[in-house]
Student: 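Take a look at this one; I'll ask things after.
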Amino acid sequence: MTTFIKEIEDFDLEQTLECGQCFRYMKLDDGHYKVIAHGKVLEVMQKNNEIHFHHTTLEEYHDTWVHYFDLDRDYRGIKSSFEEDLVMKEAIAYKPGVRIIKQEVWECLISFIISQNKAIPHIQKIIKNISEAYGDYIGDHDGEKLYTFPTPEQLREATEQDIRDLKAGFRAPYIIDATRRVLTGELDLHGLQELTTEEAKKELLQIKGVGNKIADCVLLFSLGRHEVFPIDIWVKRVMEYFYLKEDTKLDAIQVYAKEKFGRQAGFAQQYLFYYAREKKIGK
DNA sequence: CAGCAGGTGCAAG
DNA sequence: CTTGCACCTGCT
């Protein structure tokens, strides 16, 4: 175990972790981050274009973190493909170091089920509550015990009331439904990788509490379907404000975005989302 | 205290 | 098929 240093362009650790796509990270006083993913706690920091992965190995870096942070992809090329669009150019210039994290499918699904009608700190709190109650202990931070996000098997005995008590509120039955579907084999999480985007989305939409937006988030943030364009309230606002100039139905925004951004739409979504949320565009 | 937040299900038109 | 509203919870 040692520190592994990677030099990289077009990547900003803070922007990538805090752009709203993932929830299990902590910023430390010294600017380091702790990230919980893949059953591990990663301590990581950025110094200019160097990323320092602490207490890890070259092997773990290659097996886990390079994929998690999407470090093999050419973001320079992706960004330049958008830059003739002046809105995109502005959004990219604002947070040029965002990358799309590749999360574990199960955790991503439950995280975005929880996200509905909630702000990020609340989402993080509920995920933490569920992890502490059902996940595995994986270490300490500042006197606090850290836990993995529980597997469907670990959630097997949880009742709706149990989950409700962890502050999940009306989302509790949705989480129970997702767990049940995975445990019975009705939903094959691993199998989603093999399906087309359209087929995988259809599977995800079977789950109670999963609609268009959450299904798209799972497709983009855990299944690597970079052509999907999740539309939440901020993306709706930013699209209406800069492009459509009037109140527009989600379906129509979807069509417009697909037309405009093509198979890279997911990346465009993330730059636009972050820009809109930070600048409170259209609010 | 009422209103609202990174949506969705459900009942009514 | 489209629209409007309730929904846990916690913060303003």
Side-chain angles (χ1 to χ4, degrees), chain A residues 14-25 91 94-95 98 100-101 103 107-133 155 158-181 187 201-222 225 228-242 246-255 257 265-283:
Chain A
E14 177 171 23
Q15 291 171 14
T16 296
L17 287 172
E18 304 211 8
C19 69
Q21 61 180 326
C22 68
F23 304 101
R24 303 210 73 196
Y25 60 84
Y94 182 61
K95 299 286 183 182
V98 172
I100 304 279
I101 283 180
Q103 305 179 229
E107 178 174 338
C108 185
L109 170 64
I110 301 302
S111 297
F112 281 95
I113 287 175
I114 291 168
S115 77
Q116 58 188 98
N117 250 63
K118 281 251 169 269
I120 289 176
H122 298 154
I123 301 166
Q124 291 175 320
K125 183 71 167 72
I126 297 166
I127 293 172
K128 195 170 126 196
N129 289 345
I130 292 175
S131 300
E132 287 173 359
L155 284 173
T159 65
E160 183 179 320
Q161 191 58 49
D162 292 335
I163 301 298
R164 220 168 247 277
D165 292 343
L166 299 171
K167 306 303 177 190
F170 65 81
R171 305 157 193 80
Y174 304 159
I175 295 169
I176 297 292
D177 183 59
T179 304
R180 184 192 59 75
R181 282 172 189 275
L187 173 62
K201 181 160 178 175
K202 212 163 126 191
E203 288 298 308
L204 291 166
L205 290 174
Q206 307 287 331
I207 304 161
K208 272 206 209 81
V210 176
N212 258 298
K213 192 270 177 179
I214 292 173
D216 284 346
C217 285
V218 175
L219 289 167
L220 177 58
F221 298 131
S222 73
R225 308 307 166 99
V228 308
F229 190 83
I231 304 175
D232 60 18
I233 187 64
W234 289 109
V235 173
K236 181 175 190 294
R237 283 174 187 155
V238 76
M239 292 301 289
E240 289 171 345
Y241 187 83
F242 287 118
E246 61 183 354
D247 188 43
T248 310
K249 289 201 171 69
L250 296 179
D251 290 356
I253 299 177
Q254 191 67 249
V255 169
F267 300 103
Q269 188 270 3
Q270 200 53 218
Y271 295 115
L272 288 171
F273 168 76
Y274 202 5
Y275 183 76
R277 197 191 67 187
E278 297 268 308
K279 300 253 181 189
K280 306 207 182 305
I281 299 293
K283 193 169 179 211

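Numbers restart at 1 for each chain; the letters A, B, ... are given by sequence-line order, proteins then strands. As a basis for the values below, the full set of heavy atoms in this structure was taken, side chains included, without hydrogen atoms, waters or symmetry mates.
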Student: Could you check if a side-chain atom of A:Ser222 sits within less than 4.5 angstrom of a side-chain atom of A:Leu109, using non-hydrogen atoms only?
Tutor: no
Student: Which part of the nucleic acid, if any, lies within reach of A:Gly20 when heavy atoms closer than 4.0 Å are counted: base, sugar-phosphate only, or nothing?
Tutor: base
Student: Along DNA chain B, 5' to 3', what are the outermost nucleotides having an atom less than 4.0 Å from a heavy atom of chain A?
Tutor: B:dA5 to B:dG9
Student: Without placing hydrogens or testing angles, list every side-chain donor-acceptor pair under 3.5 Å for residues 276-283 of chain A, not counting sequence neighbours.
Tutor:
{"from": "A:Arg277", "atom 1": "NH2", "to": "A:Glu18", "atom 2": "O", "distance (Å)": "3.3"}

Student: Are side-chain heavy atoms of A:Arg24 and A:Glu107 found at a separation under 4.5 Å?
Tutor: yes
Student: Taking the side chain as every heavy atom from C-beta outward, state whether A:Gln21 and A:Gln270 have any pair of such atoms under 4.5 Å apart.
Tutor: yes
Student: With a non-hydrogen cut-off below 4.0 angstrom, is A:Val210 in contact with a base, only sugar-phosphate, or nothing?
Tutor: sugar-phosphate
Student: For atom C1', what is the distance between B:dG9 and C:dG10, given to the nearest Å?
Tutor: 23 Å
Student: Using the six-membered ring of A:Tyr174, assess whether NZ or CZ of A:Lys208 lies under 6.0 Å from its centre and within 45 degrees of the ring axis.
Tutor: no
Student: If the P atom of B:dG3 is compared with that of C:dA6, how far apart are they to the nearest Å?
Tutor: 12 Å
Student: Provide a list of protein-nucleic acid N or O atom pairs under 3.5 angstrom, restricted to nucleotides 9-12 of chain C.
Tutor:
{"from": "C:dT9", "atom 1": "O2", "to": "A:Lys118", "atom 2": "NZ", "distance (Å)": "2.7"}

Student: A:Leu166 has an atom CG; how far is it from atom C1' of C:dC8, in whole Å?
Tutor: 13 Å
Student: With heavy atoms under 4.0 Å as the rule, sort A:Lys236 into base, sugar-phosphate or nothing.
Tutor: nothing
Student: Need to verify one output field. Residue with the more 5' nearest nucleotide on DNA chain B, A:Gln21 or A:Ile207?
Tutor: A:Gln21
Student: Are A:Gln254 and A:Asp216 close enough that some pair of their side-chain heavy atoms sits under 4.5 Å apart?
Tutor: yes
Student: Out of curiosity, A:Phe273 CZ to A:Met239 CE, how far, rounded to the nearest 0.5 Å?
Tutor: 14.5 Å
Student: Is there a donor-acceptor pair under 3.5 Å between the side chain of A:Glu240 and the backbone N or O of A:Asp247?
Tutor: no
Student: Check residues 112-121 of chain A and write down every donor-acceptor pair under 3.5 Å in which the side-chain atom is one partner and the other belongs to a residue at least two apart or another chain.
Tutor:
{"from": "A:Ser115", "atom 1": "OG", "to": "A:Phe112", "atom 2": "O", "distance (Å)": "2.7"}

Student: Between A:Thr248 and A:Glu246, is there a donor-acceptor pair closer than 3.5 Å when you use the side chain of the first and the backbone of the second?
Tutor: yes
Student: Using a 4.0 Å cut-off on heavy atoms, which residues in residues 267-280 of chain A reach DNA chain C? List them by number, or say none.
Tutor: none
Student: Expressed in angstrom and rounded to an integer, what is the separation of A:Gln116 atom CD from C:dC8 atom C1'?
Tutor: 11 Å
Student: Would you say A:Gln269's side chain and A:Phe229's backbone share a donor-acceptor pair under 3.5 angstrom?
Tutor: no
Student: Using the P atom on both, measure B:dA11 against C:dC8 and round to a whole Å.
Tutor: 15 Å
Student: If you count every heavy atom of other residues, nucleotides or ligands that lies below 6.0 Å from A:Tyr241 atom OH, does the total exceed 12?
Tutor: no
Student: Using whole Å, what does the distance between atom P of nucleotide C:dG4 and atom CG of A:Asp247 come to?
Tutor: 11 Å
Student: State the dot-bracket string of DNA chain C. Criteria: Watson-Crick or G-U wobble, both atom distances under 3.5 angstrom; notation: ( ) intrastrand, [ ] crossing earlier pairs, | interstrand, . unpaired.
Tutor: |||||||.||||
Student: Hey, are the side chains of A:Leu220 and A:Arg225 touching, using non-hydrogen atoms and a 4.5 Å cut-off?
Tutor: no
Student: If you define the side chain from C-beta out and look only at heavy atoms, does anything of A:Asp177 sit under 4.5 Å from A:Val210?
Tutor: no
Student: Checking all strands, does A:Ile214 fall into the base, sugar-phosphate, or nothing category for heavy-atom contacts under 4.0 angstrom?
Tutor: sugar-phosphate
